[in-house]
Student: 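For reference, the structure I am asking about is given below.
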Amino acid sequence: MALQFFSCKPKYTFLSSLLLLLLLSSSVAELSFNFYAGSCPGAELIVRNTVRSASSSDPSVLGKLLRLIFHDCFVQGCDGSVLIRGNGTERSDPGNASLGGFAVIESVKNILEIFCPGTVSCADILVLAARDAVEALGGPVVPIPTGRRDGRVSMAANVRPNIIDTDFTVDKMINIFSSKGLSVHDLVVLSGAHTIGAAHCNTFNSRFKLDPKGNLELIDASLDNSYAQTLVNKCSSSLDPTTTVVDNDPETSSTFDNQYYKNLLAHKGLFQTDSALMEDDRTRKIVEILANDQESFFDRWTESFLKMSLMGVRVGEEGEIRRSCSAVN
């Protein structure tokens with residue numbers, strides 16, 4: 001199936017050119033915009049409406065859906081394998097223990113199986129739901145080609161070598177992104193996902209140490225002192241650092257914007273990986289540009305998110321259409 005471009009606004013001219021280049025030497029050529037127009041015309045609307053409905057009762061689900069797509073695509077491509085339950089699956093790995101949003105994906109799938117049984121893949125649902133989560137929080141609308149098939153293999157052993165840990169250096173992050181066909185530019189832009197969502201205290205507690213009285217004490221000099229004290233107050237009051245959550249963005253946590261980059265300039269990046277972007281010339285310059293121009297961030301997010309959504313996709317006989325997103329057929 002050849003790629004079918006729809007009428008785009010001028011701002012997507014470069015995006016279309018980028019996508020065309022990606023498709024010339026890839027099985028991604030079997031994807032298309034409006035892939036389900038004939039087989040399930042309401043598919044994308046059902047995804048969007050279900051995401052919006054879920055977020056009205058639990059706003060935090062939007063950040064969870066965006067995080068979920070990273071953990072799927074970076075581990076053997078965007079094939080929905082992170083959704084599969086069971087011992088030894090990606091979902092069972094401790095690195096994925098804090099993931100959420102699964103119920104939303106399964107809810108979408110259940111609805112689609114009523115109207116269009118055996119038609120829409122969980123991999124497509126996951127990408128579209130993440131896209132719609134960003135839009136729901138005021139971010140850009142990213143045109144996404146669909147037609148992905150679901151992977152049949154999900155192994156916990158594949159998780160750790162492929163996901164970014166919160167204490168990684170810039171070099172380590174660049175190496176992982178490069179292995180996925182993503183650039184330094186993509187690294188900084190996609191790190192902007194931290195403009196929404198929340199994290200557990202134990203994901204950044206390496207930036208602190210416990211004093212003799214059991215209180216947290218800042219040891220990371222790259223972190224703003226007043227912001228560090230806010231984190232100390234929040235996390236010291238908790239008996240369980242794996243359950244207490246802190247907003248990734250202390251300023252505009254419920255809006256998808258470029259505040260994340262402004263936070264980095266003010267030394268208020270929650271994770272060590274955030275602060276590290278300011279310590280390397282290759283990434284700091286990009287942070288400064290995005291901090292000063294939200295429209296530029298949105299345009300670049302559109303490009304980088306699209307590139308990520310096309311990583312390692314399955315098409316045709318390479319995958320299947322699962323009846324349930326949590327299990328292979």
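The residues of the chain are indexed from 1 along the displayed sequence. The basis for the numbers below is simple: all heavy atoms, side chains too, and nothing from hydrogens, waters or symmetry mates.
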Student: Taking atom OG of S81 and atom NE2 of H71, what is their separation to the nearest 0.5 Å?
Tutor: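 Output value for this atom pair is 12.5 Å.
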Student: Restricting to non-hydrogen atoms, name the atom on S154 and the atom on I84 that form the minimum distance, rounded to 0.1 Å.
Tutor: CB-CD1, 3.9 Å
Student: Can you give me the closest heavy-atom contact between G86 and T89, atom names plus distance?
Tutor: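 So the minimum-distance heavy-atom pair works out to O-OG1, 2.8 Å.
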Student: Looking at S275 and Q272, would you say the former's side chain and the latter's main chain have a donor-acceptor pair under 3.5 Å?
Tutor: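 Not at all, since once roles are kept as given, no pair shorter than 3.5 Å links the two residues.
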Student: Between T169 and D171, do the side chains contain a donor N or O and an acceptor N or O under 3.5 Å apart?
Tutor: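 Side-chain D/A pair, D171 to T169: absent.
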Student: Between R152 and E320, does the side-chain contact (heavy atoms from CB on, under 4.5 Å) criterion hold? Intermediate values first, please.
Tutor: CA-CA 7 Å; R152 301 185 181 94; E320 63 183 13; 3.6 Å; yes
Student: Roughly how far apart are N263 CG and Q259 CD, rounded to 0.5 Å?
Tutor: 4.5 Å
Student: May I ask you to decide if R322's main-chain N or O and D150's side chain share a donor-acceptor pair within less than 3.5 Å?
Tutor: yes
Student: Identify the two heavy atoms, one from F271 and one from A199, that lie closest to each other, and give their separation to 0.1 Å.
Tutor: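 The pair with the smallest heavy-atom distance is CZ-CB, 3.3 Å.
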Student: Does atom CZ of R85 have more than 12 heavy-atom neighbours, drawn from other residues, nucleotides or ligands, at distances under 6.0 Å?
Tutor: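 Counting neighbours around CZ of R85, 12 or fewer heavy atoms of other residues, nucleotides or ligands fall under 6.0 Å, so no.
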Student: Tell me the closest heavy-atom pair linking V246 and C201, and the distance in Å.
Tutor: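 Here V246 and C201 meet closest at CG2-SG, 4.2 Å.
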Student: Is a side-chain donor-acceptor pair under 3.5 Å present for S304 with R300?
Tutor: no
Student: Honestly curious: do I176 and M173 fall in one hydrophobic cluster under the side-chain, below-4.5 Å linking rule?
Tutor: yes
Student: Does S121 reach the side chain of Y36, with side-chain heavy atoms less than 4.5 Å apart?
Tutor: yes
Student: Could you check whether any side-chain N or O of D247 sits under 3.5 Å from a backbone N or O of D249, counting only pairs where one atom can act as donor and the other as acceptor?
Tutor: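 No: the side chain of D247 does not pair with the backbone of D249.
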Student: To the nearest 0.5 Å, what is the distance between CG on N258 and OG on S296?
Tutor: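 N258 atom CG to S296 atom OG measures 9.5 Å (nearest 0.5 Å).
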Student: Could you check whether any side-chain heavy atom of R91 comes within less than 4.5 Å of a side-chain heavy atom of N96, counting everything from C-beta outward?
Tutor: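 Result no, sub-4.5 Å side-chain heavy-atom pair not found.
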Student: Within the 4.5 Å heavy-atom criterion, are P140 and F305 side-chain neighbours or not?
Tutor: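 They are not in side-chain contact.
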Student: Using modelled atom types and a 3.5 Å cut-off, is there a donor and acceptor pairing between side-chain atoms of K109 and backbone atoms of C122?
Tutor: no
Student: Do the side chains of I144 and I321 join up, straight or via other hydrophobic residues, at under 4.5 Å, putting them in one cluster?
Tutor: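 No, it is not one cluster - the side chains of I144 and I321 are not joined through contacts under 4.5 Å.
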Student: Run the side-chain contact (heavy atoms from CB on, under 4.5 Å) check on W301 and L190 step by step: do they pass?
Tutor: CA-CA 7 Å; W301 173 268; L190 291 173; 3.9 Å; yes
Student: Taking F204's backbone N and O only, do any of them form a donor-acceptor pair with T166's side chain (distance below 3.5 Å, no angle check)?
Tutor: no
Student: Side chains of S309 and R148: does their closest heavy-atom pair fall under 4.5 Å?
Tutor: yes
Student: Tell me whether E30 is salt-bridged to R149, with the criterion being a basic N under 4.0 Å from an acidic carboxylate O.
Tutor: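 Looking at R149 together with E30, the answer is no, because their closest N to O distance does not fall below 4.0 Å.
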Student: Side-chain heavy atoms under 4.5 angstrom apart, residues restricted to Ile, Leu, Val, Met, Phe, Trp, Tyr: same cluster for M311 and V189?
Tutor: yes
Student: Is a donor on one side and an acceptor on the other found under 3.5 Å between the side chain of D124 and the backbone of G147?
Tutor: yes
Student: Quick one: do F70 and L62 end up in the same hydrophobic cluster if we chain Ile, Leu, Val, Met, Phe, Trp and Tyr together by side-chain heavy atoms under 4.5 Å apart?
Tutor: yes
Student: Which residues, ordered by chain and number, are linked to V153 in its hydrophobic cluster, where ILVMFWY side chains connect at heavy-atom gaps below 4.5 Å, directly or through other members?
Tutor: M155
Student: Nearest 0.5 Å, please: how far is CG in L187 from CG in D280?
Tutor: 9.5 Å
Student: Compare all side-chain heavy atoms of L99 with those of R67 and state whether any distance is below 4.5 angstrom.
Tutor: yes
Student: Which of these passes side-chain contact (heavy atoms from CB on, under 4.5 Å) with L264: V188, L277, T283, L290?
Tutor: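 The single option meeting the side-chain contact (heavy atoms from CB on, under 4.5 Å) with L264 is L277.
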Student: With distance as the sole test, does D186 use its side chain to make a donor-acceptor pair with the main-chain N or O of S183 at under 3.5 Å?
Tutor: yes
Student: Quick one: does L306's side chain get under 4.5 Å of E303's, heavy atoms only?
Tutor: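 L306 vs E303: side chains apart.
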Student: Within this structure, what is the CG-NZ distance for the pair L182 and K180, rounded to the nearest 0.5 Å?
Tutor: 9.0 Å
Student: Could you walk me through whether S206 and D167 satisfy the side chain to side chain donor-acceptor pair (under 3.5 Å) test, starting with their C-alpha distance in whole Å, then the side-chain angles of each, then the deciding distance to 0.1 Å, before giving a yes or no?
Tutor: CA-CA 8 Å; S206 62; D167 62 356; 5.4 Å; no
Student: I'd like to know if the side chain of S56 reaches the main chain of A54, judged simply by a donor and an acceptor atom lying under 3.5 Å from each other, with no hydrogens or angles considered.
Tutor: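 The answer is no, because no donor-acceptor pair under 3.5 Å joins these two groups.
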Student: Show, in sequence, the C-alpha distance, side-chain angles and deciding distance for Y260 and D274, and conclude whether the side chain to side chain donor-acceptor pair (under 3.5 Å) test is met.
Tutor: CA-CA 9 Å; Y260 166 76; D274 296 325; 2.7 Å; yes
Student: Do R207 side-chain atoms and L270 backbone N/O form a donor-acceptor pair below 3.5 Å?
Tutor: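 Judged by distance alone, yes, a pair lies under 3.5 Å.
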Student: A side-chain contact here means heavy atoms from C-beta on lying under 4.5 Å apart; do L65 and I105 qualify?
Tutor: yes
Student: Among residues at least two apart in sequence or on other chains, which ones pass side chain to side chain donor-acceptor pair (under 3.5 Å) with Q229?
Tutor: N233
Student: So, taking the atom named CD1 in I125 and the one named SG in C325, what distance separates them when rounded to the nearest 0.5 Å?
Tutor: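 Going from CD1 on I125 over to SG on C325, the span is 4.5 Å.
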Student: Over 60° means perpendicular and under 30° means parallel, so classify the ring planes of F297 and F256, tilted if in between.
Tutor: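 Because their plane-to-plane angle is under 30°, the rings of F256 and F297 count as parallel.
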Student: Could you give me the CA-CA distance, side-chain angles and deciding distance for L218 and N225, then say whether side-chain contact (heavy atoms from CB on, under 4.5 Å) is met?
Tutor: CA-CA 8 Å; L218 180 65; N225 280 323; 3.4 Å; yes
Student: Decide side-chain contact (heavy atoms from CB on, under 4.5 Å) for K262 and K268; before the verdict, give the C-alpha distance in whole Å, the side-chain angles of both, and the deciding distance to 0.1 Å.
Tutor: CA-CA 9 Å; K262 297 177 183 179; K268 295 181 180 180; over 6 Å; no
Student: Check the pair S92 / N87 against side chain to side chain donor-acceptor pair (under 3.5 Å), numbers first and verdict last.
Tutor: CA-CA 6 Å; S92 72; N87 293 332; over 6 Å; no
Student: Any idea which heavy atoms bring V328 and G151 closest together, and the distance?
Tutor: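 Closest pair (atom of V328, atom of G151, distance): CG1-O, 4.3 Å.
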Student: Which heavy-atom pair separates T119 from C40 by the least distance, and what is that distance?
Tutor: CG2-CB, 4.1 Å
Student: Checking the side chain of T50 only, and the main-chain atoms of I46 only, is there a donor and an acceptor separated by less than 3.5 Å?
Tutor: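 Yes, because the side chain of T50 sits within donor-acceptor range (under 3.5 Å) of the backbone of I46.
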Student: Going through the checks in order, is the side chain to side chain donor-acceptor pair (under 3.5 Å) test met by N158 and Q76?
Tutor: CA-CA 8 Å; N158 292 333; Q76 70 180 39; 3.2 Å; yes
Student: Taking the side chain as every heavy atom from C-beta outward, state whether F102 and K64 have any atom pair closer than 4.5 Å.
Tutor: no
Student: Do you reckon L126 sits in the same ILVMFWY cluster as V75, going by side-chain contacts under 4.5 Å, direct or chained?
Tutor: no
